[in-house]
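In each ligand, atom 1 is the first atom listed, and ligand 1 is the first ligand listed. What you see is a predicted model; the values in this text were computed from it and never measured.
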Amino acid sequence: MIKEKKIVIGNWKMQLSPEEAVFQAKQLKKLVSSKLAKNVDIAIAPDFLSLNLVAPIFQASGIALGAQDTWYEDKGSFTGQISPAHLKSLAAKYVILGHSERRQFASETYELVNKKIIAALRNDLIPVLCVGETFDERKEGRKDLVIMQQVQTALQKVDILATQTLIIAYEPLWAIGSGQATQPAEAQHTAMLIKQSLIDVLEERDLPLVKILYGGSVNPENITSFISQSGIDGTLVGGASLEAQKFIELIKQSDL
Ligand code: PGA
């Protein structure tokens, strides 16, 4: 049986200045071995200002480039927005969509995220759709329902070509940046729930094209417990991706 490669995406959020991003990108490039890059799909999503600076550093390094958001039109009068076609032209491979920080602080809805997913696929970018419950939703026993609704709203009328991939990252909001990751068994249960809810929105032939990641306080110590779960194809990492040495440690653990 062919071993599926695990996917590890580092989300640098708005944490590094362009100078710091260039420094960390160069460090990462030095530290990543060709064997590691062959066994794990590694990506970094810097902020938009750093994306263009980091792109040439990552060229032929085995580290792919991701964006943290995109707009849903390719071109036009959309002040302040970023075109998915332009991201593609800068060699971006992934685009994170619907991250909870965008939903929380920029009032982004899953209806908008839906349009962005369609735009990303139209431009052959791999969407990384983020879903996850708040602490209160979890406490009230609504977690599963909330996640199913998020997935189904975000994926309305989404068609995936046979050559494309769609990623869904399960990120419980209370686990992000808190140092308190969810239990690996629960992440696996939710990955299965996500797969189940896809049946109602996607064509059957598209289902194998979807990969599931876990995100929320992933670090070099706990990553193996998540990615060794069946049904979890990798991780989305915030804090532990900001420092090259630590991120490489984490990726080494993903080379199961
Ligand atoms: P964290 O962030 O790893 O710092 O918890 C994860 C994320 O927001 O994607």
Side-chain angles (χ1 to χ4, degrees), residues 6-16 20-21 24 28 40-48 50-51 63-70 92-108 110 113 116-117 120 125-135 137-138 143 146-147 150-151 154 166-184 186-187 190-191 194 211-227 229 232-254:
K6 296 291 175 181
I7 305 162
V8 181
I9 304 175
N11 175 8
W12 282 355
K13 308 191 179 185
M14 204 179 70
Q15 302 283 18
L16 302 177
E20 289 165 338
Q24 291 299 336
L28 256 185
V40 183
D41 277 331
I42 309 165
I44 287 289
D47 72 12
F48 288 124
S50 304
L51 203 124
I63 304 164
L65 201 59
Q68 296 178 16
D69 188 26
T70 189
K93 179 174 176 185
Y94 301 93
V95 56
I96 299 171
L97 294 171
H99 190 281
S100 64
E101 287 150 14
R102 292 209 53 77
R103 288 184 281 121
Q104 212 178 338
F105 304 120
S107 309
E108 191 151 306
Y110 278 108
V113 172
K116 294 181 174 186
I117 291 175
L125 293 161
I126 300 179
V128 183
L129 162 66
C130 300
V131 297
E133 82 286 359
T134 62
F135 187 73
E137 287 163 342
R138 177 190 184 77
K143 185 200 113 183
V146 163
I147 287 168
Q150 291 174 340
V151 169
L166 174 91
I167 294 178
I168 302 180
Y170 169 52
E171 298 207 305
L173 269 64
W174 49 271
I176 295 177
S178 66
Q180 204 198 340
T182 195
Q183 291 298 319
E186 190 173 343
T190 313
I194 291 171
K211 307 244 181 233
I212 313 280
L213 310 186
Y214 168 73
S217 295
V218 173
N219 59 42
E221 288 74 46
N222 67 14
I223 188 167
T224 318
S225 64
F226 290 106
I227 56 166
Q229 302 283 332
I232 298 188
D233 304 298
T235 54
L236 181 56
V237 184
S241 71
L242 295 174
E243 208 253 298
Q245 188 74 50
K246 191 168 184 182
F247 191 52
I248 289 291
E249 269 322 301
L250 190 142
I251 294 163
K252 281 186 185 154
Q253 304 298 325
S254 319

Residue list, side-chain contact (heavy atoms from CB on, under 4.5 Å) with A120, at least two apart or on another chain: V95, L97, L125, P127
Quick check on ligand 1: any N or O pairs to the protein under 3.5 Å? One line per pair.
{"unit_1": "ligand 1", "atom_1": "2 (O)", "unit_2": "K13", "atom_2": "NZ", "d": "3.4"}
{"unit_1": "ligand 1", "atom_1": "3 (O)", "unit_2": "G238", "atom_2": "N", "d": "2.8"}
{"unit_1": "ligand 1", "atom_1": "4 (O)", "unit_2": "G239", "atom_2": "N", "d": "2.8"}
{"unit_1": "ligand 1", "atom_1": "5 (O)", "unit_2": "G177", "atom_2": "N", "d": "2.6"}
{"unit_1": "ligand 1", "atom_1": "5 (O)", "unit_2": "S217", "atom_2": "N", "d": "2.7"}
{"unit_1": "ligand 1", "atom_1": "8 (O)", "unit_2": "K13", "atom_2": "NZ", "d": "2.7"}
{"unit_1": "ligand 1", "atom_1": "8 (O)", "unit_2": "H99", "atom_2": "NE2", "d": "2.7"}
{"unit_1": "ligand 1", "atom_1": "9 (O)", "unit_2": "H99", "atom_2": "NE2", "d": "3.3"}
{"unit_1": "ligand 1", "atom_1": "9 (O)", "unit_2": "E171", "atom_2": "OE1", "d": "3.3"}
{"unit_1": "ligand 1", "atom_1": "9 (O)", "unit_2": "E171", "atom_2": "OE2", "d": "2.7"}

Check: K143 main-chain N/O paired with R138 side-chain donor or acceptor under 3.5 Å: no
Backbone N/O of F48 and side chain of Q68: donor-acceptor pair under 3.5 Å: no
Those residues that, when tested against F226, pass ring pair (Phe, Tyr, Trp, His ring centres under 6.0 Å) (two or more places apart): Y214
Main-chain N/O of I63 paired with K93 side-chain donor or acceptor, under 3.5 Å: no
For A21, all residues meeting side-chain contact (heavy atoms from CB on, under 4.5 Å), sequence neighbours excluded: W12, L16, S50, V54
